[in-house]
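Notes follow once the structure below has been shown.
FYI, the numbering just counts along the sequence from 1.
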Amino acid sequence: MPQKLTLAAQKQLLEIAREALMLAVNGKQVPSLNLADLPDELQVPGASFVTLTIDGDLRGCIGSLEAWRPLAQDVQAHALDAALRDPRFRPVQPSELPLIHIEVSYLTPQTALEYTDPKQLPRLLRPGIDGVVLGLGSKRATFLPQVWEQLPDPAQFLNHLCQKAGLPAEIWRKELLDISLYQVQDFQEISAEPE
């Protein structure tokens, strides 16, 4: 499991994500990060997702499941992509920037879940703890652990995840799928309290 990020590192990643979002949405070039200026924990390879919401509604979410570049660069790239390249949404507009709330999820490496009977699968998942990667053939999808808040029932969670992968909703009841689990350390911008 990757080491937990310090509060200072979390704050810095949120600032990196916010700056990338502001520049990209306003059509400006997002500068390369000078990694030497960042703490060591942000220079090591890390996998992340950046989630954008407006009033609690999803506005964009892009990430990677594998750690292949420095964590700070991963967060910067995903903030930009979540704003402009999430195929489910039109690009974020400059007028939306003050409304956008940013959440970053820092992922642990995946571990394959071994099981022999489809009926076992719901009992093997830990709601609110496990992120799940589900696949069959070339079709694959993931839900972050935060999705359990909207889909707390494991069967419903699996139905929706199968559909996200482009599979029939209940295929998990009949076939053994490729399942991997991971956990996240998630953190988000602090909203200003209304006066």
Between the main-chain N or O of [Y] and the side-chain N or O of [X], is there a donor-acceptor pair closer than 3.5 Å?
X: Q12; Y: L38; value: no
X: E103; Y: Q188; value: no
X: Q10; Y: L5; value: yes
X: R88; Y: C61; value: yes
X: R59; Y: P91; value: yes
X: Y106; Y: F187; value: no

Search all heavy atoms of [X] against all heavy atoms of [Y] and return the closest pair with its distance.
X: W68; Y: D74; result: NE1-OD1, 4.2 Å
X: V25; Y: A83; result: CG2-CB, 3.9 Å
X: D117; Y: L176; result: N-CD2, 3.9 Å
X: A169; Y: N159; result: O-OD1, 3.1 Å
X: A72; Y: L13; result: CA-CD2, 3.8 Å
X: L23; Y: P31; result: CD1-CD, 3.6 Å

If you round to the nearest 0.5 Å, how far is [atom2] of [Y] from [atom1] of [X]?
X: S180; Y: L65; atom1: OG; atom2: CG; answer: 9.0 Å
X: L21; Y: L14; atom1: CG; atom2: CG; answer: 11.5 Å
X: T142; Y: K164; atom1: OG1; atom2: NZ; answer: 6.5 Å
X: L151; Y: Q156; atom1: CG; atom2: CD; answer: 7.0 Å
X: R140; Y: L161; atom1: CZ; atom2: CG; answer: 11.0 Å
X: L107; Y: F49; atom1: CG; atom2: CZ; answer: 6.0 Å

Practice task
Please test L58 against T51 for side chain to side chain contact (heavy atoms under 4.5 Å, CB included), starting from the C-alpha separation and ending with a verdict.
Solution key: CA-CA 7 Å; L58 186 63; T51 304; 3.6 Å; yes
Shared hydrophobic cluster for [X] and [Y] (ILVMFWY, side-chain gaps under 4.5 Å):
X: L144; Y: I62; answer: no
X: I179; Y: W172; answer: yes
X: V30; Y: L35; answer: yes
X: V104; Y: V147; answer: no
X: L113; Y: V132; answer: yes

Practice task
Could you give me the CA-CA distance, side-chain angles and deciding distance for L167 and L134, then say whether side chain to side chain contact (heavy atoms under 4.5 Å, CB included) is met?
Solution key: CA-CA 10 Å; L167 297 166; L134 172 150; 3.9 Å; yes
Practice task
Name all pairs fulfilling the side chain to side chain donor-acceptor pair (under 3.5 Å) condition that reach into residues 121-130, sequence neighbours left out, sorted by first residue then second.
Solution key: R126-D130, D130-Q183
Problem - Any pair counted as side chain to side chain donor-acceptor pair (under 3.5 Å), so long as it reaches residues 19-29, sequence neighbours left out - result: none
Handout entry: L158/L125 under side chain to side chain contact (heavy atoms under 4.5 Å, CB included): CA gap, chis, key distance, verdict
Key = CA-CA 10 Å; L158 287 165; L125 304 179; 3.9 Å; yes
Practice task
Give me the ring orientation class for F157 and F143: parallel if the planes are under 30° apart, tilted from 30 to 60°, perpendicular past 60°.
Solution key: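 Perpendicular: the ring planes of F157 and F143 meet at over 60°.
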Exercise for the section: Using the test side-chain contact (heavy atoms from CB on, under 4.5 Å), find all partners of D178 that sit at least two apart in sequence or belong to another chain. Expected result: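 With sequence neighbours excluded, D178 shows a side-chain contact (heavy atoms from CB on, under 4.5 Å) to no residue whatsoever.
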Exercise for the section: Using a 4.5 Å cut-off on heavy atoms from C-beta on, say whether the side chain of L177 contacts that of C162. Expected result: yes
Problem - I16 and Q73, any side-chain heavy atoms less than 4.5 Å apart - result: no
Practice task
Could you please spell out the steps behind the side chain to side chain contact (heavy atoms under 4.5 Å, CB included) verdict for H160 and Q163?
Solution key: CA-CA 5 Å; H160 283 271; Q163 289 177 311; 4.1 Å; yes
